[in-house]
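What follows is a short report on a single structure.
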Protein chains: 2
Amino acid sequence: MSDLLERLRERGWRMTSQRRVVAEVLDGEHVHLTADEVHARAAARLPEISRATVYNALGELVSLGEVIEVSTDGRAKRYDPNAHHPHQHLVCSSCGTVRDVHPTGNPLADLPATERFGFTVAAVEVTYRGLCPSCA
Amino acid sequence: MSDLLERLRERGWRMTSQRRVVAEVLDGEHVHLTADEVHARAAARLPEISRATVYNALGELVSLGEVIEVSTDGRAKRYDPNAHHPHQHLVCSSCGTVRDVHPTGNPLADLPATERFGFTVAAVEVTYRGLCPSCA
DNA sequence: TTCTTGACTTGGACTCTGTCCATTGTAGGA
DNA sequence: TCCTACAATGGACAGAGTCCAAGTCAAGAA
């Protein structure tokens, strides 16, 4: 499952051991890690990797469109590697768990022109909130 | 337009000069202020008010359901006093302006049971992103 | 009105998340 | 192999928010 690494190399992303480890941490795992969690997992394999490097790499992966930045709680941003499959998020208000979900319908179509106030609307994020089975 | 003050008093919210000023700043203005902006406006009327007090008051207004906390950019949270009229937000990706909008449809109904994974879904937030007329 | 008391406010220290920058290191092409 | 532009480092810094001990005060009781 190293499609991500492959794509990055093809796109000319200069590959360093640090960047490889960050990409590997995100690839495969379908969880939503914070930058610090990514750093912790990366450091498990490459102990001397710095926080700044992890932030740089994450920022570039986001710019490249390979990873999505999700801020579900106003605290640390989370990084979602599932960028190539449109989806929304379901968040547990108690423990913060995030799941990818696929609602029906198209929320963009639900915003009539009269409610756009001249904005060029490019994207829509939907966050469902509730309690997960363990917290309920 | 001091419905808010009235409601708070009725609900037994102990009224201090600091809390009154914070509530007054939010009441009436249909903008989406950050905590620091609320503090600045409150301090214009009550110079010695502290940041901690503003944070406390805002947190309580949110708990009471009188104000909604909105985190549109992963930076400072914004406080939306329009809590009694269901609405969503339209955010300018360039300047950060936030507008209240009223999409048609019910996004909660768009999440089928099979996509809820046992969660008790209580709320849904929709954020439209794009460029406002000035930034486009 | 004055007293009393529990709730509120203060301000400074602290935490967490993220950014910046000068220095050092290195991937990958010539 | 050598160069060099680009990347990594780590420590300082900044913004947003929380915590806490000490002082203050709103509002009910007498």
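Below, read A as the first sequence line, B as the second, and so on, with proteins coming before strands; counting in each chain starts at 1. Predicted, not measured: the structure shown is a model, and the values here were computed from it.
- Between the CG atom of L46(B) and the P atom of dT24(D) there is a distance of 16 Å, rounded to whole Å.
- Distance from the side chain of S50(B) is smallest for dG11(C) among the nucleotides dG10(D), dG11(C), dA26(D).
- Looking at the side chain of R14(B), the nearest of the listed nucleotides dT10(C), dC25(D), dG11(D) is dC25(D).
- Judged by distance alone, with hydrogens and angles left aside, the side-chain atoms of H32(A) form no donor-acceptor pair with the main-chain N or O of K77(A) at under 3.5 Å.
- Rounding to whole angstrom units, OH of residue Y79(B) and P of dA16(D) are separated by 12 Å.
- Comparing dT9(C), dT9(D), dA27(D) by their nearest atom to the side chain of T53(A) picks out dT9(D).
- S94(B) places no side-chain N or O within 3.5 Å of a backbone atom of C135(B) that could act as its donor or acceptor partner.
- Atom CZ of R19(B) and atom P of dC25(D) are 15 Å apart (whole Å).
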Check: Given the rule in the side chain to side chain donor-acceptor pair (under 3.5 Å) test, do H87(A) and D80(A) qualify, once you have shown the distances and angles that lead to the verdict?
Finding: CA-CA 11 Å; H87(A) 64 277; D80(A) 181 348; 2.7 Å; yes
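- Between the C1' atom of dG15(D) and the CD atom of E37(B) lies a distance of 14 Å, rounded to the nearest Å.
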Next item on the list: For side chain to side chain donor-acceptor pair (under 3.5 Å), just list the numbers for E66(A) and H84(A), CA-CA rounded to whole Å, side-chain angles, deciding distance to a tenth of an Å, and then say yes or no.
Entry: CA-CA 7 Å; E66(A) 293 289 350; H84(A) 293 293; 3.0 Å; yes
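- Contact annotation: Y55(A) does not reach the phosphate of dT19(C) (side-chain N/O to OP1 or OP2, under 4.0 Å).
- The phosphate of dC16(C) (OP1 or OP2) has no side-chain N or O of R75(A) nearer than 4.0 angstrom.
- A76(A) comes within contact range of the sugar-phosphate backbone alone, with a heavy-atom separation under 4.0 Å but no base atom that close.
- Rounding to whole angstrom units, CE of residue M15(B) and P of dA27(D) are separated by 8 Å.
- Distance E48(B) CD to dC25(D) C1': 13 Å, rounded to the nearest Å.
- If you measure from atom CG of D73(A) to atom P of dC16(C), you get 14 Å, rounded to the nearest angstrom.
- Listed nucleotides: dT9(C), dC16(C), dT19(C). Nearest to the side chain of Q18(B): dT9(C).
- Residues D36(B) and W13(B) both approach DNA chain D. Their nearest nucleotides, taken by heavy-atom distance, put D36(B) toward the 5′ side.
- Whole-Å rounding puts the H39(A) NE2 to dG10(D) C1' distance at 11 Å.
- Toward the 5' end of DNA chain C, the nearer of the two residues R51(B) and T16(B), judged by each one's closest nucleotide, is T16(B).
- Distance alone, capped at 3.5 Å, places no donor-acceptor pair between the Y79(A) side chain and the V62(A) backbone.
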